[in-house]
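The structure appears right after this line, and notes come after that.
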Amino acid sequence: MTYTITSTDKYSDARCGIITTDHGSIPTPIFMPVGTAGSVKAMTMEQVEETNAKIILGNTYHLYLRPGLTILQAAGGLHKFGTWNKPILTDSGGFQVFSLADRRKISREGVTFSSHIDGSRHLFSPERVMDIERIIGGDIIMAFDECPPGTASYHYAKNSLELTLHWLERCFKRFNETEPLYGYTQALFPIVQGCVYPDLRRKSAEAVAAYNAPGNAIGGLAVGEPTEKMYEMIELVNTILPKDRPRYLMGVGTPANLLEGIARGVDMFDCIMPTRNARNAQLFTQNGIINVRNSKWKNCFEPIERNGASPIDERYSLSYLHHLFRAEEITALTLASIHNVAFYLRLMETVREKIADGTFSFWKDDAVKRLMQRL
């Protein structure tokens with residue numbers, strides 16, 4: 001995997017670049033739709049492609065449990081299994097495992113947990129996770145880490161970071177001892193942790209940077225801490241992480257979060273928000289946020305969004321989409337998901353244009369206010 005910076009913003013740390021993988025190139029800044037179990041919820045792969053998505057994310061925990069490693073390896077990896085021929089990033093499953101607070105036990109060896117499906121017991125160690133991610137076959141794979149809550153005490157966060165750094169060393173050792181399974185290369189990204197404590201974040205970022213990895217991730221944010229603290233930690237970490245490698249902010253977030261992260265030097269994002277909120281009738285638009293289930297849209301025959309990012313935006317009206325949600329028609333979930341994912345991808349395209357033409361910083365502050373207002 002290679003990364004080339006193509007333009008930078010004069011008044012912030014925003015930049016444009018190109019990540020090149022064996023499955024294609026990814027322009028940055030970029031948003032990655034989340035395909036938890038090998039699909040982006042409520043959408044076909046054809047529909048995901050039509051949103052102009054360049055890379056999607058798969059979830060190691062869920063794919064390990066279903067369909068399982070035997071099926072994935074027999075299919076030739078997740079690309080072939082899901083018929084997605086562009087890049088894939090897989091997380092390590094750490095966040096999902098640690099969210100099962102009453103179903104798991106953490107030790108220096110790894111995490112023993114009970115499946116949420118059938119209660120069966122499993123162990124995720126750094127070595128095991130590397131083997132699993134080899135079998136899934138993502139172009140970019142994430143190191144196994146512990147993600148403490150944003151409200152964790154300093155004592156907990158410090159011990160958690162020590163464990164994460166120990167696991168990181170084992171991840172790289174296993175990764176370097178093994179080979180990709182399907183004839184293309186994989187890149188391992190380490191993850192910066194440390195909760196909201198500057199000294200821990202600094203220590204973690206310095207340790208991560210020392211691995212000289214093809215790219216680096218920032219984890220453990222947007223997990224309960226104040227938004228201002230999240231931005232503070234991003235700024236701190238990005239003064240340490242190498243500027244010539246892509247930086248991936250995990251699990252974030254709203255359109256405003258993305259723009260603020262980009263201004264602070266972040267290149268890659270993922271979040272379930274576009275599809276999860278879509279399934280709850282919330283639409284992101286250029287002029288603000290719409291809850292299309294509200295009765296105010298019942299008689300609104302305007303398009304979902306004029307000059308929107310997807311052909312469905314001009315074809316269907318807000319009134320029609322309101323009706324589909326009220327009638328509990330499954331089509332409502334698909335249309336809203338297509339709209340939101342396409343909107344996020346168009347937003348990233350606009351950002352890249354603004355950075356390239358030197359107007360990003362002037363445009364961003366107004367865009368943040370406009371995008372987050374309730375309509």
Can you tell me how far apart OG (S92) and CG (D145) are? Round to the nearest 0.5 Å.
5.0 Å
Give the C-alpha distance, both sets of side-chain angles, the deciding distance and a yes or no for ring-ring contact (aromatic ring centres under 6.0 Å, His included) between Y61 and H116.
CA-CA 10 Å; Y61 167 82; H116 72 284; 5.6 Å; yes
In the structure I gave you, are the side-chain heavy atoms of M372 and I289 within less than 4.5 Å of one another anywhere?
yes
With side-chain hydrogen bond (donor to acceptor under 3.5 Å, both in side chains) as the test, pick out the partner of S114 among R121, H122, R103.
R121
Side chains of V111 and E146, heavy atoms from C-beta outward: is any pair under 4.5 Å?
no
I want to check something: taking the side chain as every heavy atom from C-beta on, are N216 and R247 in contact at a cut-off of under 4.5 Å?
no
Measuring from T28:OG1 to Y3:OH, what's the distance to the nearest 0.5 Å?
4.0 Å
Is the NZ atom of K158 crowded by more than 12 outside heavy atoms at less than 6.0 Å?
no
Would you mind reporting whether Y344 and C271 have side-chain heavy atoms less than 4.5 Å apart?
no
Verify whether one side chain among T285 and N287 offers a donor that lies under 3.5 Å from an acceptor in the other.
no
Are L123 and I132 linked, directly or through other ILVMFWY residues, by side chains that come within less than 4.5 angstrom of each other?
no
Is there a path from L335 to I330 through hydrophobic residues (I, L, V, M, F, W, Y) whose side chains come within less than 4.5 Å of each other?
no
Nearest 0.5 Å, what's the CD-OG1 distance between Q286 and T350?
7.5 Å
Donor-acceptor pair between D22 and Y182 side chains, under 3.5 angstrom:
no
Indicate, with yes or no, if M1 and I5 share a hydrophobic cluster defined by side-chain heavy-atom contacts under 4.5 Å among Ile, Leu, Val, Met, Phe, Trp and Tyr.
yes
Rounded to the nearest 0.5 Å, what's the gap from CD1 on I88 to CD1 on I141? Could you check?
13.0 Å
Please verify the inter-ring angle class for F343 with H339; under 30° counts as parallel, over 60° as perpendicular, anything in between as tilted.
parallel
Heavy-atom pair of closest approach, residues D270 and Y248
OD1-OH, 2.6 Å
Correct closest heavy-atom pair for P190 and L168 would be CB-CD1, 3.6 Å
Does E260 pair with K364 as a salt bridge, N-O distance under 4.0 Å?
yes
How close do A367 and L259 get, counting heavy atoms only, and between which atoms?
CB-CD1, 3.9 Å
Hey, mind stepping through I290 and E305 against side-chain contact (heavy atoms from CB on, under 4.5 Å) and telling me if it holds?
CA-CA 11 Å; I290 292 173; E305 184 169 26; over 6 Å; no
In terms of heavy-atom contacts, E133 and D91 come closest through OE1-O, 3.2 Å
For atom CD of E177, is the number of surrounding heavy atoms from other residues, nucleotides or ligands below 6.0 Å larger than 12?
yes
Check step by step if side chain to side chain donor-acceptor pair (under 3.5 Å) holds for H79 and Y184.
CA-CA 11 Å; H79 289 88; Y184 55 86; 3.2 Å; yes
Quick check: closest heavy atoms across W167 and S107, and the distance to 0.1 Å?
CZ2-O, 3.4 Å
Would you call the rings of F144 and F124 parallel, tilted or perpendicular, taking 30° and 60° as the class edges?
perpendicular
Assess whether a salt bridge exists between R170 and E109, defined as any Lys/Arg side-chain N lying under 4.0 Å from an Asp/Glu carboxylate O.
yes
Find the distance between CZ (R370) and CH2 (W363) and round it off to the nearest 0.5 Å.
7.0 Å
Is there a side-chain contact between D13 and I262 (heavy atoms, below 4.5 Å)?
no
Using the rule that Ile, Leu, Val, Met, Phe, Trp and Tyr join whenever any side-chain heavy atoms are under 4.5 Å apart, tell me whether V208 and L236 fall into a single cluster.
no
Establish, yes or no, whether the cationic atom of R134 lies under 6.0 Å from the six-membered ring centre of F175 and within 45° of the ring axis.
yes
Taking the side chain as every heavy atom from C-beta outward, state whether Y231 and N257 have any pair of such atoms under 4.5 Å apart.
yes
Is I234 reachable from Y11 through a run of hydrophobic residues whose side-chain heavy atoms are each under 4.5 Å from the next?
no
Taking C-beta and beyond as the side chain, do K354 and F362 meet within less than 4.5 Å on heavy atoms?
no
If you count every heavy atom of other residues, nucleotides or ligands that lies below 6.0 Å from E353 atom CD, does the total exceed 12?
yes
Closest approach of P29 and V351, non-hydrogen atoms and distance?
CG-CG1, 4.0 Å
Indicate yes or no: at least one non-hydrogen side-chain atom of V34 is less than 4.5 angstrom from one of R276.
no
Distance-only donor-acceptor check, side chains R245 and N212, under 3.5 Å:
yes
